[in-house]
Protein chains: 2
Amino acid sequence: MHEVEPTIQDSIMAVYDQLPPGERKLADTTLSRLNDLASYSATELAVSAKVSKATAVRFFRRIGYQSFGQVRRQARAEAYLASPLYALAGVNPKERATDALSNHVATDIRNLTETFQHQKAKHFDQAVSLIATAPQVRVIGMRNGHFVAQHAAYLLAQLRNNVASLPGSSMTLAEDLASLNKGDVLLVVDFRRRATLLPTVVNAARGANVNLVFISGPGMSALSRPGDIVLQCLTEGASVFDSYVAAVSIVNYLATSVAKQLGKHSRKRLEVIEALHESLEDLRP
Amino acid sequence: MHEVEPTIQDSIMAVYDQLPPGERKLADTTLSRLNDLASYSATELAVSAKVSKATAVRFFRRIGYQSFGQVRRQARAEAYLASPLYALAGVNPKERATDALSNHVATDIRNLTETFQHQKAKHFDQAVSLIATAPQVRVIGMRNGHFVAQHAAYLLAQLRNNVASLPGSSMTLAEDLASLNKGDVLLVVDFRRRATLLPTVVNAARGANVNLVFISGPGMSALSRPGDIVLQCLTEGASVFDSYVAAVSIVNYLATSVAKQLGKHSRKRLEVIEALHESLEDLRP
DNA sequence: ATCGCCATGAAACTTTAGTTTCATGGCGCA
DNA sequence: TGCGCCATGAAACTAAAGTTTCATGGCGAT
């Protein structure tokens, strides 16, 4: 019978929930680099986790290694074993991945890269400006698009006031729409399998001179008119379901860009929200 | 127009046949380790090529780098880009990401690849089986995780009966939980900034012997216990916000796998739903 | 309020990696 | 043979990484 040595991941997990905050940050950055851990120095890890070198030493000692050198040696040994996808996909780039998993990942990566490659910078910047400066921002998405819309609303609400996703509650859509004015932004997430409700909403918004920003799938959103701002995302799925990975990514980037445009202002807001949460004891560290 | 930087391999090849014997030995060992070059020190390379450290320095300088530090940095970047998945996505490894946008995309691609690389196939398969066969499936996620949970519920609901996301409506959480029995599955989406409610829910579920499946960020979900099924996703963001791209991707793959396990059964269900939608005129083509 | 515990980072310190200098020796060539 | 060139490694040196020590500050218990 012989002991199976724990992997670095195992070692970290074993103590993860007893780690103090600083060391936990380090644990997270370490875990996120598990693949090529051996190519980082302890100092680099410490810097990127925003803790001191001393904390790094304590951390690696706590998870059971005498020195960082040991960690590096083991990391290198593990990297050698731990790349199933490498094996599956073949080292030769010309060999195509054949199994479902590699295929899935490859499809999503392609969705990401192509979506951003084809994005028009002009549209994107316009969308950012509008969202940053509009008196009110509303987000709507049905079915497949609903969760993307929710995500967008959640992120944007951390950056500015007057962000909400529609419909607020089940039967208030009409009221919600009525409160939109010229200069406001309606972010419409519009993918395949659209509900019939959506065109109605869009028309109402158009009537009120609301600025429309679309996040839509490949093939122009039938709801948009020339002149509207449209951010197109690839949604190709490797199998039965469409993939909304690119849409989620673009929402993140959109919110990030808005944050940058708002600058200090929104950073302040993020802090206020953080403080509120703290005092509400609503979150855990 | 901008110069394409040569890869390390290019740099070596360019001067290979003018190299003196010692440096050539070093060139050979370097080339043979190109894929994880960054994890070796110059000293190690020198030792394994049986030349002195001084020769190593001369060699790396001759191929065009000021210091070994530069070599290491570039090696790391190349190793990362040389992954077969990048090749599949058609990304040109020689193009460097420098601006915010490229950085964003690169981060998300990294999140995807690493998330799937570190996934334990065993956990994943268990999750799929449980979800495919459980009498009831419930999904819960708060804050950052909420939209991911919604997406999961939406996809799974297309494949099988008795899928719902919690809380169904604002005040029914207790009732919802009470209706869970042994053998049911609770899919918990648990990311940073967790609401305090979540631990309560999880404990209740544990009390009822419900099977728990976690989708969580890097660093083990503090809610999970050894033995639980945990699917970990990287959530590293390129800027202010964490990225949930990998989580969305894994949800898609999870649902896809459930679909495959259910086979005809779920295909039938998809058709039924489609027919329902058609007759409700709820969708547009 | 005071005490004690612990996490933490700054800075001193040690060790290791990387670089430079220099002496040696091989090799071609006059 | 003697000269110059250059590759090379040993060793001195410098820079960077890793480790230790220590002072601070937060936090809970007394």
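Letters A, B, ... mirror the listed sequences (proteins, then strands); counts begin at 1.
Distance CZ (B:F60) to P (C:dG18): 9 Å, rounded to an integer number of Å. Between the NZ atom of A:K53 and the P atom of D:dA17 there is a distance of 7 Å, given to the nearest Å. Atom-to-atom, CD of B:Q18 to P of D:dA7 comes out at 11 Å; the value is rounded to the nearest Å. In this structure, A:E23 places its CD atom 13 Å from P of C:dC6, rounding to the nearest Å. Distance, B:K25 NZ to D:dA7 C1': 12 Å, rounded to whole Å. Taking atom CZ of residue A:F59 and atom C1' of nucleotide D:dA17, one finds them 18 Å apart after rounding to whole Å. For the pair B:L26 CG and C:dG18 C1', the computed distance is 14 Å after rounding to whole Å. When rounded to the nearest whole Å, the span between CZ of A:R72 and P of C:dT16 equals 13 Å.
Here C:dA17 is the nucleotide among C:dA17, D:dG9, C:dT8 with the atom lying nearest to any side-chain atom of B:S41. Comparing D:dT19, C:dA7, C:dG9 by their closest approach to the side chain of A:V51 singles out C:dG9. Between C:dG18, D:dG18, C:dA7, one nucleotide has an atom nearer to the side chain of A:R62 than all others, and that is C:dA7. Taking only side-chain atoms of B:S67, from C-beta outward, the nucleotide of D:dG18, C:dT19, C:dG18 with the closest atom is C:dT19.
With a 6.0 Å cutoff to the six-membered ring centre and a 45° limit on the axis angle, B:R24 counts as a cation-pi contact of B:Y16.
In this structure, B:R24 does not reach the D:dA7 phosphate: none of its side-chain N or O atoms is under 4.0 Å from OP1 or OP2. Note on B:T43: every side-chain N or O is 4.0 Å or more away from OP1 and OP2 of C:dA17. Between A:R61 and D:dG18 there is no side-chain polar atom (N or O) within less than 4.0 angstrom of OP1 or OP2. Within the structure, every side-chain polar atom (N or O) of A:R58 is placed at least 4.0 Å from both OP1 and OP2 of C:dG9. Taking 4.0 angstrom as the limit, B:T55 places a side-chain polar atom (N or O) nearer than this to OP1 or OP2 of D:dG9.
None of B:R73, B:Q74, B:R72, B:Q70 except one satisfies the side chain to side chain donor-acceptor pair (under 3.5 Å) rule with B:Y65; the exception is B:Q74.
Of the residues near DNA chain D, B:G22 and A:A54, the one whose nearest nucleotide (by heavy atom distance) lies more toward the 5' end is B:G22.
At a threshold of 4.0 angstrom between heavy atoms, the contacts of A:A42 are confined to the sugar-phosphate backbone, with no base atom among them.
Heavy atoms from other residues, nucleotides or ligands lying under 6.0 Å from CD of B:Q66 number 12 at most.
Checked against the 6.0 Å centroid threshold, B:Y244 and B:F191 count as a close aromatic pair.
B:V51 and B:G22 make their closest contact through CG1-O, 3.6 Å (heavy atoms, listed as atom of the first residue, atom of the second, distance).
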